[in-house]
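Written below as structure tokens is the structure these notes are about.
Because the structure is predicted, anything quoted here is derived from the model rather than measured. Sequence lines set the chain letters: A, B, ... in the order given, protein chains first and strands last, and positions in each chain run from 1.
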Amino acid sequence: MLRIEDTDRERSTPANVEQILDALHWLELDWDEGPFSQAERRPRHEEAISRLLDEGHAYRDEGAVRLRVDPEGETAVSDEVRGEVRFPHSGIKDFVVARSDGSPLYNLAVAVDDLDMGITHVVRGEDHLSNTPRQVMVLEALGAEPPAYAHLPLLLGPDGKKLSKRHGAASVQELRDAGYLPEAVRNYIALLGWGLDESTTFMTTEELVEGFSLDRVSKSPAVFDEQKLRWMNGRYLRELSAERLTEILEQRHGREGLGDAVGIAQEKMQTLDDFWTLAAFLVERQDFDEGAWDKVMSDGAVERLSAAREALAGAEPFDTESVEAALRGVVERLGVKPKEVFQPVRVAISGTTVSPGIFESVAALGRDETLSRIDLALDRARA
RNA sequence: GCCGCCAUCGUCUAGGGGACUAGGACGCCGCCCUCUCACGGCGGAAACCGGGGUUCGAAUCCCCGUGGCGGUACCA
């Protein structure tokens with residue numbers, strides 16, 4: 001039985017817990033909630049406290065109950081990633097295990113819970129390492145063997161500050177909203193503070209489960225790098241079938257009929273959000289970007305654009321192949337560079353100089369819409 | 001203050017005394033591909049925190065320093 005710290009116990013609001021579980025669910029990670037309810041656990045905690053009191057391991061001090069700590073001794077914690085860590089008791093005073101009102105404190109509650117639940121491995125953030133000797137002392141006073149501990153390096157934000165768990169669920173939510181795929185996030189996070197070997201980067205969940213080992217967990221904190229996540233997400237996006245991606249995007253945007261657009265934008269996307277910036281022009285007309293317009297609609301652009309219009313008007317059938325043939329024919333006839341024809345067309349249909357492939361885009365728009373957008377551009381250029 | 005953890009390219013990391021001229025990935029730069037942007041391919045710049053030891057030999061082991069982080073609560 002493995003316990004993964006941590007869902008805050010008493011201090012967690014239901015909404016908070018809800019968020020965390022929601023994040024785990026989105027990441028497609030399994031979990032077992034265990035006995036969350038403090039109310040349920042309370043009798044066991046009180047039992048442990050009175051045992052500690054009866055056996056002289058703890059005493060009352062101004063109402064609160066404190067555990068006795070032998071000032072001469074030391075407590076060693078055996079940690080799966082850091083080895084044996086020794087804590088001289090000179091740095092640990094008798095500590096409170098129960099408040100004056102009898103309610104248990106974290107270090108006691110967690111130790112008793114671990115014991116009752118038969119926990120064998122406690123895996124949690126490094127921020128708990130210094131608390132561990134206290135939990136071990138509680139367990140020892142109770143005559144129990146402490147579980148194995150593994151303290152993982154903290155995750156830092158780009159600012160170098162720790163990515164707190166209390167905001168952790170929120171940031172997983174942010175990643176989802178920003179258009180990252182759960183499998184990419186899962187894969188990326190696995191690589192923070194751990195690696196299978198010196199070069200493996202992409203791993204399925206099965207491979208992760210199969211290959212994970214605590215002895216390859218690193219000891220130093222890791223900074224979350226969104227650039228790398230974007231790259232990885234792009235790779236996962238391109239592995240999706242066009243059908244599946246269309247389904248995801250149609251649901252995300254609450255629209256139908258995005259298939260063609262998805263087909264030609266997929267290879268350029270890094271996040272789901274990128275889709276709209278890349279392909280919005282295929283769905284609705286965009287305003288002309290002034291910079292792009294000035295750059296492309298220079299001398300002779302009107303002639304080249306009208307020639308392209310003529311060719312497209314006669315292209316039959318209006319698919320990618322014949323569009324390409326028509327446009328390349330114009331290039332040849334005019335004896336100009338390909339881009340001198342393609343870029344004006346691109347600006348005419350998309351409003352800007354950056355877009356997916358021109359032949360696919362024109363074909364996807366259809367003849368009528370394409371010609372009408374070109375006419376609009378022509379009018380504007382002549383005005 | 002005291003206790004503890006950590007320290008390799010900008011970032012994630014490999015490395016466990018000689019295989020290190022320090023490897024891979026993201027990002028960056030250049031070239032190729034090319035209708036733009038991407039994708040892809042090729043190439044490049046880029047790091048062992050500092051000082052002492054130990055050793056024939058140290059990125060690797062030890063000590064000190066420095067820096068970052070955590071704990072030291074009738075918080076979790």
Side-chain angles (χ1 to χ4, degrees), chain A residues 5-12 61-66 74 77 79 81-83 85-93 95-107 109-110 124-134 151 153-156 158 160-162 165-166 188-202 216 218-232 234-235 237-238 265-270 274 277-278 292 295-296 324 327-328 331 337-347 350 352-362:
Chain A
E5 194 97 1
D6 138 0
T7 37
D8 291 346
R9 289 159 196 253
E10 288 175 283
R11 299 226 308 207
S12 284
D61 176 38
E62 296 176 14
V65 178
R66 284 179 187 274
E74 69 168 20
V77 171
D79 188 286
V81 345
R82 281 147 225 278
V85 184
R86 312 163 83 97
F87 294 85
H89 290 180
S90 55
I92 306 177
K93 307 186 282 265
F95 58 96
V96 177
V97 291
R99 300 185 183 85
S100 306
D101 68 2
S103 60
L105 255 33
Y106 170 73
N107 282 133
V110 85
R124 67 213 324 187
E126 186 199 332
D127 50 345
H128 283 88
L129 182 56
S130 298
N131 278 322
T132 311
R134 293 182 176 78
H151 289 91
L154 259 19
L155 211 52
L156 272 25
K161 294 196 203 142
K162 92 165 184 179
K165 179 185 333 84
R166 205 148 287 167
Y188 175 68
I189 289 178
L191 257 20
L192 254 23
W194 176 82
L196 178 64
D197 53 37
E198 55 188 58
S199 58
T200 303
T201 302
F202 290 92
R216 286 193 64 85
S218 88
K219 302 186 189 68
S220 45
V223 174
F224 187 89
D225 177 17
E226 193 169 349
Q227 296 253 55
K228 190 161 183 173
L229 208 211
R230 282 186 67 86
W231 164 78
M232 183 167 271
R235 296 275 303 243
L237 236 25
R238 262 166 265 132
Q266 179 169 17
E267 59 179 18
K268 298 184 195 306
M269 300 167 52
Q270 284 196 310
D274 289 347
T277 35
L278 244 26
K295 194 164 136 199
V296 170
E324 172 160 11
L327 290 177
R328 288 204 188 279
V331 169
K337 290 185 197 150
K339 60 157 63 167
E340 292 183 277
V341 171
F342 300 159
Q343 285 301 75
V345 173
R346 188 186 307 281
V347 170
S350 75
T352 181
T353 51
V354 178
S355 86
I358 195 71
F359 316 126
E360 297 87 333
S361 299
V362 166

Let me know, please, whether A:Asn107 or A:Gln227 comes out on the 5' side of the other along RNA chain B by nearest nucleotide.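 In this pair, the answer is A:Gln227.
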Is there a Watson-Crick or G-U wobble partner for [N] with both distances under 3.5 Å, and if so, which one is it?
N     : answer
B:U72 : B:G1
B:A14 : none
B:G43 : B:C29
B:G65 : B:C49

Heavy atoms only: give me the nearest A:Ser100-A:Ala64 pair and the separation to one decimal. OG-N, 3.8 Å
Report yes if the side chains of A:Met232 and A:Thr201 come closer than 4.5 Å at any heavy-atom pair, otherwise no.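 A:Met232 reaches A:Thr201 side chain to side chain.
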State, with a plain yes or no, whether a side-chain heavy atom of A:Gln266 is found less than 4.5 Å away from one of A:Leu237.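 A:Gln266 does not reach A:Leu237 side chain to side chain.
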Check every strand shown and say whether A:Glu340 touches a base, only sugar-phosphate, or nothing at a heavy-atom separation below 4.0 Å.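 Contact class for A:Glu340: none.
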Which part of the nucleic acid, if any, lies within contact of A:Lys93, taking any heavy atom under 4.0 Å across all strands shown: a base, the sugar-phosphate backbone alone, or nothing?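 A:Lys93: backbone/sugar contact only, no base atoms under 4.0 Å.
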Could you pull out all residues at least two apart from A:Phe87 that satisfy ring pair (Phe, Tyr, Trp, His ring centres under 6.0 Å)?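 For A:Phe87 there are no ring pair (Phe, Tyr, Trp, His ring centres under 6.0 Å) partners, ignoring immediate neighbours.
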Can you tell me how the ring of A:His128 sits relative to the ring of A:Tyr106, calling it parallel under 30°, perpendicular over 60° and tilted otherwise? tilted
Is the backbone N or O of A:Phe224 less than 3.5 Å from a side-chain atom of A:Tyr188, with the two atoms forming a donor-acceptor pair by type?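 The answer is no, because no donor-acceptor pair under 3.5 Å joins these two groups.
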Examine B:C75: is either OP1 or OP2 under 4.0 Å from a nitrogen or oxygen in the side chain of A:Arg99? Give yes or no.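 So the side-chain polar atoms of A:Arg99 do come within 4.0 Å of the phosphate oxygens OP1 or OP2 of B:C75, strictly under.
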Roughly, in whole Å, what's the span from [atom1] in [X] to [atom2] in [N]?
X        : N     : atom1 : atom2 : answer
A:Leu229 : B:G27 : CG    : P     : 12 Å
A:Leu156 : B:A7  : CG    : P     : 14 Å
A:Asp127 : B:U72 : CG    : P     : 11 Å

For residues 337-346 of chain A, which residue pairs qualify under salt bridge (Lys or Arg N to Asp or Glu O under 4.0 Å), counting only residues two or more places apart or in two chains? none
Can you give one letter per nucleotide of nucleotides 35-48 of chain B, going 5' to 3': B for a protein heavy atom under 4.0 Å from the base, S for sugar-phosphate only, - for none? BBBBSS--------
Each nucleotide in nucleotides 8-15 of chain B should get exactly one letter: B, S or -. Can you fill that in based on protein heavy atoms under 4.0 Å? ---SBSSS
Applying salt bridge (Lys or Arg N to Asp or Glu O under 4.0 Å), name anything that partners A:Asp274, two or more places apart in sequence or on another chain. A:Arg230
Verdict with supporting geometry, A:Leu129 and A:Arg82, side-chain contact (heavy atoms from CB on, under 4.5 Å): CA-CA 10 Å; A:Leu129 182 56; A:Arg82 281 147 225 278; 3.9 Å; yes
All N/O contacts under 3.5 Å from nucleotides 3-5 of chain B to the protein, with atom names and distances to one decimal?
from	atom 1	to	atom 2	distance (Å)
B:C5	O2'	A:Arg82	NH1	2.6
B:C5	O2'	A:Glu126	OE2	3.2

Roughly how far apart, to the nearest Å, are B:G44 and B:C9 at atom C1'? 14 Å
Work out how far the C1' atom of B:U34 is from that of B:C42, and round it to whole angstrom.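 So the two C1' atoms sit 16 Å from each other.
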